[in-house]
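Note sheet for the following structure.
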Amino acid sequence: MKVRAVYPGSFDPITNGHIYIAERAAAIFDEVIVSVLINERKNASFSVEERCEMARESLKHVSNIKIDSFNGLLVDYVKQKEAGVIIRGLRAMSDFEYEFQMALMNRQLAPEIETFFIVTDPKYSYVSSSSVREIFHFGGTVRDVVPSVVFEKLTSRR
Ligand code: PNS
């Protein structure tokens, strides 16, 4: 039986840390859907189309990864996609509390869906979308921590 997994997130923007997790998930599961949250409060830096396009471009080398977007409850989306697994990346213990709570909440909502944690490479342990946005905003370089399509997109906004 083929196992499909969903890797959800804001991906605002996608970073090399996300790419690392998506690649490792794709090596384990038959199909991985990287799915971008459509933020209803409209406070994202990039539109959902831009976030999907950056993810699509930076993961096009992995044949069993698809890019999609979702809104509403994650577990409803996972069921709709007939996936059995939610992928989440862990960078540090500080991520764990939030992730553990989310995994338990999702289990309460849909016990048949498994949350699968993948630990990051230590070289990405400090990388987050929010720090990328902030460093770039204040003129720092983020070239080494984001895919080139994201770096170009950021630079085009200057
Ligand atoms: O990249 P992020 O922002 O850490 O991802 C968080 C995300 C998108 C996985 C989470 O906010 C989510 O699943 N949102 C959808 C709404 C939902 O199902 N919330 C209940 C989770 S406990």
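Start at 1 and go down the list; that is how both ligands and their atoms are numbered.
Connection of Val145 to Leu90 is not established within any shared hydrophobic cluster, with ILVMFWY side chains joined at heavy-atom distances below 4.5 Å, either directly or through further cluster members.
Relative ring orientation between Tyr7 and Phe11 is described as perpendicular, the plane-to-plane angle rising above 60° on a 0-90° scale split at 30° and 60°.
Residue Glu134 places its CD atom among 12 or fewer non-hydrogen atoms of other residues, nucleotides or ligands, all under 6.0 Å distant.
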For salt bridge (charged side-chain N to carboxylate O under 4.0 Å, His left out), just list the numbers for Glu114 and Arg107, CA-CA rounded to whole Å, side-chain angles, deciding distance to a tenth of an Å, and then say yes or no.
CA-CA 7 Å; Glu114 203 67 62; Arg107 178 172 292 178; 3.0 Å; yes
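At a threshold of 4.5 Å between non-hydrogen side-chain atoms, the residues Leu154 and Phe46 count as touching.
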Check: every ligand 1 N/O to protein N/O pair under 3.5 Å:
residue  : atom   : partner : partner atom : Å
ligand 1 : 1 (O)  : Ser10   : N            : 2.9
ligand 1 : 3 (O)  : Ser10   : OG           : 2.6
ligand 1 : 4 (O)  : Arg88   : NH2          : 2.9
ligand 1 : 5 (O)  : Arg88   : NH1          : 3.3
ligand 1 : 18 (O) : Leu74   : N            : 2.8

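Of the residues listed (Met54, Glu49, Glu50, Arg56), the one engaging Cys52 in a side chain to side chain contact (heavy atoms under 4.5 Å, CB included) is Arg56, and it is the only one.
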